[in-house]
Amino acid sequence: MKQFLLIAFCAASLTAVAPAADAAQIKRACLASDRTAATRDRCSCIQRVANQALTRSDQKKVAKWFTDPHQAQELKMSQTARDDALWDRYRNFGQMAQAICS
């Protein structure tokens, strides 16, 4: 019984920690970019907007666009409803980030 409780506690702890390790993907990608405007404050602001406008899955995909913008272009040109919906969320995120973080 004790072993079962220990395993359950460890599993619960791992699931609680896993999302935290996955957080701030946009901020990290922003800071790693070679853009002169990518300051710690601005990248933190952009991450806060991303947390409001994008799902974690969206953020994971969008963070990759900082190093490979061609992926964004491919998604934009895609004809699937799923990709169109992500592009709409991304445009909304960009407009919000520009308005709030500039």
Side-chain angles (χ1 to χ4, degrees):
M1 180 65 165
K2 287 182 183 180
Q3 186 178 13
F4 173 76
L5 291 175
L6 179 62
I7 292 170
F9 176 75
C10 289
S13 297
L14 288 175
T15 57
V17 172
D22 205 24
Q25 291 186 45
I26 299 289
K27 179 182 176 182
R28 282 193 304 273
C30 176
L31 289 170
S33 72
D34 60 354
R35 294 166 178 88
T36 57
T39 64
R40 181 167 291 282
D41 286 343
R42 181 165 289 143
C43 292
S44 294
C45 179
I46 291 169
Q47 180 64 56
R48 286 191 300 274
V49 174
N51 290 343
Q52 295 173 359
L54 301 171
T55 66
R56 286 203 187 226
S57 176
D58 291 347
Q59 290 181 40
K60 185 176 181 178
K61 184 171 281 201
V62 169
K64 293 176 184 175
W65 297 350
F66 280 80
T67 56
D68 187 5
H70 183 69
Q71 288 182 15
Q73 185 63 27
E74 286 180 3
L75 182 121
K76 181 180 179 182
M77 300 310 291
S78 172
Q79 297 294 317
T80 68
R82 183 179 185 183
D83 288 346
D84 287 346
L86 173 55
W87 187 255
D88 289 343
R89 290 189 302 274
Y90 175 71
R91 279 194 353 215
N92 181 48
F93 155 69
Q95 291 169 351
M96 288 173 55
Q98 186 174 16
I100 295 169
C101 302
S102 294

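In the displayed structure, Asp34 atom CG is contacted under 6.0 Å by at most 12 heavy atoms of other residues, nucleotides or ligands.
Atom CG of Asp83 is separated from atom CG of Asp88 by 11.0 Å, given to the nearest 0.5 angstrom. Considering CZ of Phe93 and CG of Asp58, their distance stands at 10.5 Å, rounded to 0.5 Å. A distance of 13.0 Å separates NZ of Lys27 from CD of Gln59, quoted to the nearest 0.5 Å. The distance from atom CG of Leu75 to atom CZ of Arg82, rounded to the nearest 0.5 Å, is 10.0 Å. In this structure, the separation between CG on Leu86 and OG1 on Thr55 is 7.5 Å, given to the nearest 0.5 Å. Arg89 contributes atom CZ, which lies 9.5 Å from atom NZ of Lys61 (distance to the nearest 0.5 angstrom).
If you run side-chain contact (heavy atoms from CB on, under 4.5 Å) between Ile26 and each of Asn51, Val49, Val62, only Val62 comes through.
Minimum interatomic distance between Ala38 and Leu31 (heavy atoms only, all atoms of both residues): O-CD2, 4.0 Å. Of all non-hydrogen atoms in Ser102 and Arg42, the two that sit nearest each other are C-NH2, 4.2 Å.
Within the structure, every pair that satisfies the disulfide bond (SG atoms under 2.5 Å apart) test and touches residues 45-102, not counting sequence neighbours, is listed here: Cys45-Cys101.
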Could you go through residues 63-70 and list every donor-acceptor pair under 3.5 Å that involves a side-chain atom there, pairing it with any protein atom two or more places apart or in another chain?
{"residue": "Thr67", "atom": "OG1", "partner": "Lys64", "partner atom": "O", "Å": "3.1"}
{"residue": "Asp68", "atom": "OD1", "partner": "His70", "partner atom": "N", "Å": "3.4"}
{"residue": "Asp68", "atom": "OD2", "partner": "Gln71", "partner atom": "NE2", "Å": "3.3"}
{"residue": "His70", "atom": "NE2", "partner": "Glu74", "partner atom": "OE2", "Å": "2.9"}

